[in-house]
Amino acid sequence: MTLTNLIILKASLLIIAFLGLPNQAWSQQNQPIQIEADQLDSQDAKGVTRYTGQVVVTQGETIITGDQVELIHPGRQLNTLTASGNPATFAHYDPLQQTKINGHAQTIIYYAKERKIHLIGNAFLAQQDSHKIQGPRLVYDLNSQTLKAGSTDQQIGRVRMTIEPPSQED
């Protein structure tokens, strides 16, 4: 196996590892969502609610934080959840696999109908004690279990992956 093929194989394994964990993170969508914030501005008739000040959103083993979180929920159905901050953060613990995934970006958007997660602006995801991926924009599609990374209109940059070698115990 050539060095190029080995790198491609390891990159593929890293993407597969990332694809599995976020899918489980958002499969908890039937659990209640708890939100804590310093302030709330709800316009129920418009289906818009904004939380500001050290906002913490918890659903099952998933936690999203930000300086501001906006929910778009026409007809009381969640359409999008947008967390922004410096940075907004994402954390998920999978008790079955006993693994944790952390991420951050300037903006994290969850599109409920499309089941897509966008991390925008200095986006970063890391699997506990393992692989890391970063770039201007990371987009994960829960339905097709695909991950795309690249630049945004506001931030041009390269995608970087760190693939850790297996430990001696693996």
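Nothing here was measured: the structure is a model prediction, and the numbers come from that model.
Note: E36 CD to Q54 CD = 10.5 Å, rounded to the nearest 0.5 Å. Rounded to the nearest 0.5 angstrom, Q127 CD and I101 CD1 are separated by 6.0 Å. Distance NZ/K113 to NZ/K116: 14.5 Å, rounded to 0.5 Å. The distance from the CD atom of Q68 to the CZ atom of R50 is 7.0 Å, given to the nearest 0.5 Å. Between the OG1 atom of T82 and the CD1 atom of I108 there is a distance of 10.5 Å, given to the nearest 0.5 Å. Taken to the nearest 0.5 Å, the CG atom of N102 stands 8.0 Å off from the OG1 atom of T89.
Contact check for T49 versus L40: side-chain heavy atoms found under the 4.5 Å cut-off. Residues V69 and L81 form a side-chain contact, since some pair of their non-hydrogen atoms from C-beta on lies under 4.5 Å apart. Under the 4.5 Å side-chain criterion, counting only non-hydrogen atoms from C-beta, L71 is in contact with Y51. Side-chain contact between I156 and P136 is absent, with no heavy-atom pair separated by less than 4.5 Å. You'll find the side chain of Q34 stays beyond 4.5 Å of the side chain of V57, heavy atoms only. Considering only heavy atoms from C-beta on, T52 stays 4.5 Å or farther from D38 through its side chain. Using a 4.5 Å heavy-atom cutoff, the side chains of L138 and F124 are not in contact.
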CA sep, side-chain torsions, deciding dist, call: K148, D141, salt bridge (charged side-chain N to carboxylate O under 4.0 Å, His left out): CA-CA 9 Å; K148 294 181 180 179; D141 186 324; over 6 Å; no
Test log, rule side-chain hydrogen bond (donor to acceptor under 3.5 Å, both in side chains), inputs T162 and H131: CA-CA 6 Å; T162 302; H131 313 302; over 6 Å; no
Evaluation steps, side-chain contact (heavy atoms from CB on, under 4.5 Å), between V55 and D67: CA-CA 6 Å; V55 185; D67 298 330; over 6 Å; no
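By the neighbour-count criterion of 12 heavy atoms within 6.0 Å, atom CD of Q43 is densely surrounded, having more than that number from other residues, nucleotides or ligands.
For Y111 and H118, the ring centers are positioned less than 6.0 Å apart.
Side-chain atoms of S151 come within 3.5 Å of backbone atoms of G157 as a donor-acceptor pair (strictly under, hydrogens ignored). Using a distance-only test at 3.5 Å, with no hydrogens or angles considered, a donor-acceptor pair links the side chain of Q59 to the main chain of Q31.
Counting all heavy atoms, side chain and backbone alike, I33 lies closest to I35 at CG2-CG1, 3.9 Å.
Using a 3.5 Å distance cut-off with no hydrogens or angles, the side chains of Q155 and N122 do pair a donor with an acceptor.
Residue I63 is not grouped with residue I109 when hydrophobic side chains (ILVMFWY) are merged at heavy-atom distances under 4.5 angstrom, including chains of intermediate members.
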